Visitor: 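One structure is given below, represented as structure tokens, and several questions about it will come after.
Remember, it's a predicted structure, so these values are computed and weren't measured experimentally. Protein chains get the first letters and strands the later ones, always in sequence-line order, with residue 1 at the start of each.
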Amino acid sequence: MLWEMVEMLEIKGANLFRIRAFQKAAQNIENLGEDIAQIAKRGELQSIPGVGKGVAKRIEEILKTGKLKEYEKLKKGFPPGLMQIISVPEVGPKTARLLYDKLGIKSIKDLEKAAKAHKIQSLFGLGAKIEENILHGIEIHQELKKRMLLFEALSAVRPIIEDLKRLPEVRLISEAGSLRRRKETIGDIDILTSSTRPGTIMKAFIHFPEVKEILAKGLTKSSVRLKDGLQVDLRVVKPGSFGAALVYFTGSKSHNIKIRELAKKKKLKVSEYGVFRSKGNKKIAGKTEEEVYKSLGLPWIPPELREDQGEIEAAFKNQLPRLVKLSDIQGDFHVHSNWSDGADSIEDIAKAARAKGYQYIVIADHSQSLKVARGLSLENLKKKIHLIHKLNNNLKGLKVLTGAEVDIKSDGSLDYPDWILSELDVVIAAIHSGFKQSRDQLTTRILKAMGNKYVDIIAHPTGRLMGAREPYEIDFDKIFKQAGLTQIALEINAFPQRLDLNDLNVRRAKKFGVKFTIGTDAHILTQLANIELGVSVARRGWLEKNDLLNTLSLPDLQKWLKKK
DNA sequence: GCCGTTTTCGGCCCGACTGTTTTCAGTCG
């Protein structure tokens with residue numbers, strides 16, 4: 001409701017600062033990672049940044065009545081299609097208002113008709129060019145909405161950066177934007193380079209073989225669409241501004257705003273060119289990110305934290321988390337072999353894991369009920385355990401841990417009897433069916449599974465598949481609390497479509513004392529590399545080394561498993 | 001409407017680009 005109010009008020013032409021206040025509040029509420037009703041119950045609404053007396057009152061009204069009078073009233077006077085118009089590129093609130101007042105345009109369809117009939121160019125302030133841009137905007141506006149998975153963006157950007165690095169004119173180069181922050185979905189790919197000769201770089205970039213279409217080509221900025229549809233923006237700045245530009249292009253937008261507000265209070269000004277004194281405009285930083293943050297009295301902030309979710313305040317107090325690193329990871333907790341629906345033999349997986357420098361790996365095939373994934377019968381599981389023990393005798397430098405991804409059946413019971421679970425090193429429990437159960441049912445179901453003393457990990461706790469399946473509804477607070485209490489770890493599933501738990505829930509769960517494991521859910525050797533995605537989620541969830549079981553050495557992990 | 005390492009009142013990030021109304025408003029990131 002707040003978001004919609006923002007759009008309606010923009011078109012209405014309300015006070016911009018009031019609108020921005022709503023916007024800020026809406027964004028922070030969206031990123032809570034906790035049920036707002038719980039916060040309201042504790043009477044702590046105003047502890048949410050950007051939520052003051054006014055917004056708190058509105059939230060209380062919504063929670064109490066399910067409605068917001070102010071919103072309903074606003075909406076009544078609004079044609080339903082009008083808000084969509086500002087989602088067309090080139091059309092903002094002012095233009096939308098003008099088009100509505102003068103031409104009665106109240107939907108994208110109306111807009112297209114009017115543009116094609118050349119009615120727009122006759123309006124005061126608009127012209128033929130704008131009319132043309134609007135038509136183009138309508139064309140691409142559908143496509144723009146699609147965001148790609150982090151995994152896809154990473155696979156696309158790496159070869160491009162490698163190509164660019166080969167150019168002698170390129171000095172420094174980095175990914176930027178939401179990709180560098182490792183958000184789970186990416187709109188378009190941003191790359192930043194520094195050079196004193198941007199022209200040559202631009203030219204080489206737009207002629208890369210992967211490029212299908214050149215969207216814009218300038219002196220220091222070009223945009224292309226690749227053959228697979230991804231949009232890539234490349235920007236070149238002078239070496240002395242690289243750090244400031246990297247801060248700026250990495251974002252997030254709200255992080256940048258807060259940084260600049262902070263600067264202002266210190267009589268400084270931050271832009272993509274550097275940090276300047278307000279008086280006299282003397283440049284005092286810009287070459288590196290460290291320099292930029294330092295000039296504001298802050299330590300360098302890892303990109304994954306730059307979401308204006310308290311990282312600046314934490315940095316100010318020198319309380320930033322020491323985020324877990326990929327190199328801290330000693331093993332993978334969730335791998336499938338060709339005993340169930342995986343592609344590779346346990347021996348090959350073990351060798352690949354050893355080559356990655358791991359100390360251990362958990363082979364966790366599906367359980368008997370999951371026929372679609374060739375779940376293992378009791379008989380086969382016994383055989384598999386035996387085989388792994390034999391394999392470990394001949395294997396140096398890595399230990400294969402016996403595991404299973406055991407189905408949590410719809411009544412909350414497990415798909416294997418206790419006696420065989422007790423034989424396994426690691427028991428992972430997960431839901432693979434009955435997603436449509438009620439929130440209460442699903443929550444109770446998982447809690448019941450957590451009541452089994454052999455369970456070590458709950459895998460992909462919300463079951464989502466980005467782009468294909470919504471997360472199922474569970475009472476996070478109850479599950480996090482129980483996980484904290486029992487020390488049953490929650491998985492950060494690193495499969496590209498899953499990333500489940502997600503960053504927000506990870507951060508929330510940590511506050512309950514929850515431990516986590518990263519598992520790639522790999523079904524083929526190349527997917528072992530996805531551990532990196534899991535580490536990104538962990539970092540975005542503010543996790544430190546100690547929060548993850550994956551960082552334990554083999555002996556420490558074995559101690560942990562015994563203790564449980 | 002929110003907020004306080006200037007402030008309980010008076011501010012609220014910064015700059016590029018575009019097109020059009022020739023000096024700047026609107027949009028975008």
Visitor: Give a yes or no on whether Arg469(A) atom CZ has more than 12 heavy-atom contacts from other residues, nucleotides or ligands under 6.0 Å away.
Guide: yes
Visitor: Please check if atom CZ in Arg42(A) has more than 12 non-hydrogen atoms from other residues, nucleotides or ligands closer than 6.0 Å.
Guide: yes
Visitor: For Phe512(A), is the NZ or CZ atom of Lys481(A) found under 6.0 angstrom from the centre of its six-membered ring and inside 45 degrees of the ring axis?
Guide: no
Visitor: Classify Lys53(A) by what it touches in the nucleic acid, base, sugar-phosphate, or nothing, heavy-atom distance under 4.0 Å.
Guide: sugar-phosphate
Visitor: Between P on dA16(B) and CG on Asp190(A), what's the gap in Å once rounded to a whole number?
Guide: 17 Å
Visitor: Specify the separation, in whole Å, of atom CD of Glu131(A) and atom C1' of dT18(B).
Guide: 16 Å
Visitor: Rounded to whole angstrom, note down the C1' distance from dT20(B) over to dC24(B).
Guide: 9 Å
Visitor: Should dT8(B) form a Watson-Crick or G-U wobble pair with both distances under 3.5 Å, which nucleotide is its partner?
Guide: none
Visitor: Could you give the distance separating dC3(B) and dC13(B) at their C1' atoms, to the nearest angstrom?
Guide: 16 Å
Visitor: Classify the nucleic acid contact of Phe22(A) as base, sugar-phosphate or nothing, counting any heavy atom under 4.0 Å across all strands shown.
Guide: sugar-phosphate
Visitor: With a 4.0 Å cut-off on heavy atoms, is Ala128(A) in touch with a base, just the backbone sugar-phosphate, or nothing at all?
Guide: sugar-phosphate
Visitor: Can you list, by residue number, the residues of residues 245-262 of chain A that have a non-hydrogen atom closer than 4.0 angstrom to DNA chain B?
Guide: Tyr248(A), Lys253(A), Ile257(A), Arg260(A), Glu261(A)
Visitor: By nearest nucleotide on DNA chain B, pick out whichever of Ile86(A) and Lys265(A) is the more 5' one.
Guide: Lys265(A)
Visitor: Test of understanding: with side chain to side chain donor-acceptor pair (under 3.5 Å), list the residues that count as partners of Gln46(A), not counting sequence neighbours.
Guide: none
Visitor: Using a 4.0 Å heavy-atom cut-off across all strands, classify Arg58(A) as base, sugar-phosphate, or nothing.
Guide: sugar-phosphate
Visitor: Would you mind classifying the nucleic acid contact of Leu126(A) as base, sugar-phosphate or nothing, using non-hydrogen atoms under 4.0 angstrom?
Guide: base
Visitor: If you find the nucleotide of DNA chain B closest to Glu272(A) and the one closest to Lys221(A), which residue's nucleotide is nearer the 5' end?
Guide: Glu272(A)
Visitor: When the P atoms of dT6(B) and dC12(B) are compared, how many Å lie between them, rounded to an integer?
Guide: 14 Å
Visitor: So do Arg180(A) and Phe249(A) actually touch side chain to side chain, heavy atoms under 4.5 Å?
Guide: no
Visitor: Does a side-chain N or O from Asn133(A) land closer than 4.0 Å to OP1 or OP2 of dG19(B), or not?
Guide: yes
Visitor: Identify the residue among Thr250(A), Val247(A), Leu246(A) that makes a side-chain contact (heavy atoms from CB on, under 4.5 Å) with Pro303(A).
Guide: Thr250(A)
Visitor: Using a strict heavy-atom distance below 4.0 Å, which residues from residues 314-321 of chain A are in contact with DNA chain B?
Guide: Phe316(A)
